[in-house]
*Asks:* 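Quick one: this structure, given as structure tokens, is what I'll be asking you about.
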Amino acid sequence: MNNWQRVSPIAILYFIASTINLLLSNIIYMVPLVVTTYNTALENPLWLFLGASVFIVLLGLSAFLQYYFFRFRLSDQTIEIKSGVFKKIHLNLPFTRIQNVKIITPFYFRPFDYTTLELDTAGSAKSEAKIVALELTLSAQLKNEILTHAQPKSSNDAIPNAEMINDEVVLNRRSLKDLVIHGITNNRIWIFFALLAPLIGPAANKADVFLVSIGLNVSEMFSPATHAWWQLGLYGAALLILSYFIVVAFSVFGSIIAFYGYTLSKQGSNYIRRSGLLTRHEVVMKLPRLQLVISQQDWLDILINRINLRFEQTNNQQHQQANQEIRNKIMVPSISQLQFDELLSDVWPNSQLNGLNFSRISKRFMAKNIILICLLPTIGIGALLYNQQWQIALIVLAAITLLSSLVCMRWYRWGYAMDDNFIYIRKGVLGVNYYIFPLHKVQQAKFHQSVLMARRELASISLVLASGVQKIPFMPQQAAHAIINKSLYIVEFTKRNWM
Amino acid sequence: MSDTHFSNNPVNLQDIVQLQQANIQSLMPKYYQANVVIRISVTLLLLVVVLIAKYDVIFNLSSDFSDPINGALAVITTVGLLSIVGGYFTDRAISYQVRELDITLYSGVIFKKIVTQPFLRLQHIELKRGPIERKVGLATVQVFSAGGSAHTFTLPGLSLEQATALRQYILDHKDVTYHE
């Protein structure tokens with residue numbers, strides 16, 4: 001493996017797909033071109049044919065060139081990749097700098113048993129390395145080599161690798177039923193739409209034409225000239241319910257696309273998530289890289305007792321889209337409380353979420369936020385009442401009441417607890433989330449206090465983790481200092497690494 | 001790893017109300033002075049620009065735009081004064097404390113903030129000097145942790161000697177982390 005080598009020619013497929021993807025995501029810039037040439041093109045089918053062939057040839061050629069110039073080699077615990085047709089890139093990535101190993105199998109690779117290996121780097125380096133079109137066995141071998149690198153190396157690589165593959169334990173599987181539940185309780189609609197994004201515009205037009213063709217004229221249906229207000233109201237309600245069901249259906253599809261065949265397994269100290277209906281994703285997390293465990297429950301989840309578990313690592317993927325993010329993170333969708341407890345104690349045996357006494361934050365949190373919410377509209381309401389705009393004043397009042405009750409819910413949920421090694425934060429409005437993290441993963445501690453808060457001996461704290469910041473507002477000043485001092489003490493005394 | 005070598009004055013959680021208050025240092029006076037001068041100059045510059053417009057020195061605008069110009073004058077004067085006075089007190093409120101294993105920044109007049117950065121969590125450290133800082137012999141130290149760029153620990157208003165010494169001290173004390 002020490003010599004420069006090319007990947008399999010199957011990679012050409014990948015490059016074609018990624019070029020098409022790039023074109024589709026920039027389709028909006030091509031609209032003027034298409035519009036201006038549409039009629040001319042139709043009148044000259046020969047030219048259209050020629051243009052299309054030239055396009056296909058160019059596409060193939062560029063993919064071939066990208067494949068031809070893509071080479072990689074492994075040397076001395078470092079992976080090197082040379083790529084680029086015009087702009088040459090030479091990437092040098094030591095194994096120790098690799099945060100995440102992902103094996104992504106697009107659907108067009110699946111018949112050939114090829115995969116794409118994606119290596120995420122840590123920290124400020126933005127680059128991520130992609131080795132396109134590796135044989136399945138080779139990429140698994142490479143993955144093991146990278147992951148075992150941190151441990152002392154044994155003389156013979158082949159045998160421990162074989163062992164490691166064997167002693168992989170499946171911790172959790174998600175059935176189709178679980179995924180349907182997940183789709184209903186969580187909005188995964190954008191996973192579905194992300195796939196269709198380029199096609200939605202034309203589809204909407206087609207739908208309109210289709211509805212008219214079967215005798216429904218949408219714009220006529222909603223015309224106030226032809227119908228009584230209650231008819232319109234009924235239509236509206238029916239449409240709302242209908243669209244809700246459509247949204248849920250799409251969300252279920254999205255959930256199945258993202259999580260089909262879900263397994264979470266463990267191999268040594270590595271946690272591996274595999275899932276995906278079309279493109280299979282395999283994401284590996286090393287246990288020490290884990291910063292934060294989140295138990296996520298929306299109000300629907302609370303009703304049916306399901307939890308989404310999220311394992312958060314370093315947060316260097318902010319630039320990615322939500323759709324990418326959910327696939328790259330390790331998330332276990334819609335599990336039961338029991339399964340959550342099992343997984344939590346598997347990653348952090350000392351943590352204890354059950355039977356904790358959460359201290360609620362101060363009621364002044366409500367006072368402050370409600371005053372802030374009321375401040376501006378109150379002046380407005382005064383003006384409205386003066387001008388006798390009763391209806392608008394009522395709407396504003398209703399909005400204030402709604403927001404204020406949400407603030408009260410937020411206060412009701414917001415609580416914190418600490419034991420010897422962990423901090424637990426409870427948060428949410430309608431749903432409830434638990435954030436669990438070990439004290440030694442704290443990067444920086446912040447203490448906030450306004451003059452008014454100081455008078456009441458209250459303070460807010462922010463604990464900065466590599467995965468993001470966790471905040472507890474309006475807690476007793478003494479408890480705030482206690483948490484900060486304890487986390488600093490544990491960081492500085494135990495000197496344990498955070499990753 | 002033994003207890004004997006560790007000293008960061010671990011404290012009894014019950015007694016503690018503040019991080020240990022001793023040895024809190026304020027910034028170099030030049031820092032406040034320079035900032036006041038900068039804020040006054042910016043305000044004056046903006047005022048001059050608007051006044052030029054008002055008195056038709058270059059363009060003939062005043063007849064059409066006299067209301068917006070007067071508004072701009074009022075806004076610039078108010079904001080300028082507020083930033084000069086407020087900025088001064090905000091700058092004066094900044095102080096810091098270096099302990100063996102961490103550094104703490106105190107700031108804020110109405111909204112007080114205490115940020116503590118343990119040296120162990122250092123990713124990299126930067127010593128920054130802008131043109132004005134170079135002119136008056138000041139420097140800024142920035143400590144980056146894995147918490148991301150939004151949570152960079154920034155300590156301005158040090159003399160160049162202080163900043164260099166602090167940088168060296170932090171690098172010497174960032175310790176070897178213990179791998180699990």
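Residue numbers begin at 1 in each chain, while the letters A, B, ... track the order of the sequences.
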*Asks:* What part of B/F144 gets closer than 4.5 Å to chain A, counting heavy atoms only: side chain, backbone, both or neither?
*Replies:* neither
*Asks:* More than 12 heavy atoms of other residues, nucleotides or ligands under 6.0 Å from NZ of A/K427: yes or no?
*Replies:* yes
*Asks:* Heavy-atom cut-off 4.5 Å, strictly under: side chain, backbone, both or neither for A/V464 against chain B?
*Replies:* side chain
*Asks:* Within a reach of under 6.0 Å around CD1 of B/I132, are more than 12 heavy atoms found that belong to other residues, nucleotides or ligands?
*Replies:* no
*Asks:* For the candidates A/V451, A/L287, A/I461, which exhibits the highest count of non-hydrogen atom pairs separated by less than 4.5 Å from chain B?
*Replies:*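 Counting heavy-atom pairs under 4.5 Å, the top option is A/V451.
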*Asks:* Identify the two heavy atoms, one from B/S145 and one from A/Q443, that lie closest to each other, and give their separation to 0.1 Å.
*Replies:* CB-OE1, 3.7 Å
*Asks:* Considering only heavy atoms, which portion of B/V143 lies under 4.5 Å from any heavy atom of chain A: side chain, backbone, both, or neither?
*Replies:* neither
*Asks:* Quick one: of A/A480, A/S462, A/A445, A/A454, who has the most non-hydrogen atom pairs under 4.5 Å with chain B?
*Replies:*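 Ranked by contacts with chain B, first place is A/A445.
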*Asks:* So for atom OH, which belongs to B/Y169, do other residues, nucleotides or ligands contribute more than 12 heavy atoms lying within a distance under 6.0 Å?
*Replies:* yes
*Asks:* Mark yes or no for whether A/Q444, through its side chain, and B/H151, through its backbone, hold a donor-acceptor pair below 3.5 Å.
*Replies:*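 Yes, A/Q444 side chain to B/H151 backbone: donor-acceptor pair under 3.5 Å.
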*Asks:* Does A/E457 CD have over 12 foreign heavy atoms under 6.0 Å away?
*Replies:* no
*Asks:* Is the number of heavy atoms from other residues, nucleotides or ligands under 6.0 Å of A/F358 CZ greater than 12?
*Replies:* yes
*Asks:* Between the main-chain N or O of B/K112 and the side-chain N or O of A/Q449, is there a donor-acceptor pair closer than 3.5 Å?
*Replies:* no
*Asks:* So, taking the atom named CD1 in A/I484 and the one named CD1 in B/I114, what distance separates them when rounded to the nearest 0.5 Å?
*Replies:*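 Taking CD1 in A/I484 and CD1 in B/I114, the distance rounds to 7.0 Å.
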*Asks:* For the pair A/W498 and B/R121, evaluate side-chain contact (heavy atoms from CB on, under 4.5 Å) and give the outcome as yes or no after the intermediate values.
*Replies:* CA-CA 8 Å; A/W498 59 274; B/R121 293 288 177 261; 3.7 Å; yes
*Asks:* Is it true that, when you exclude B/L44 itself, more than 12 heavy atoms of the residues, nucleotides or ligands shown sit nearer than 6.0 Å to its CG?
*Replies:*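 Counting neighbours around CG of B/L44, more than 12 heavy atoms of other residues, nucleotides or ligands fall under 6.0 Å, so yes.
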*Asks:* Tell me, yes or no, whether the heavy-atom count around A/R410 atom CZ, taken from other residues, nucleotides or ligands under 6.0 Å, exceeds 12.
*Replies:*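 Buried by this count: over 12 neighbours within 6.0 Å.
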*Asks:* So, taking the atom named CZ in A/R496 and the one named CG in B/L120, what distance separates them when rounded to the nearest 0.5 Å?
*Replies:*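 Taking CZ in A/R496 and CG in B/L120, the distance rounds to 13.0 Å.
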*Asks:* Show the nearest heavy-atom pair for residues B/T116 and A/L488, with the distance to one decimal.
*Replies:* CG2-CD1, 3.4 Å
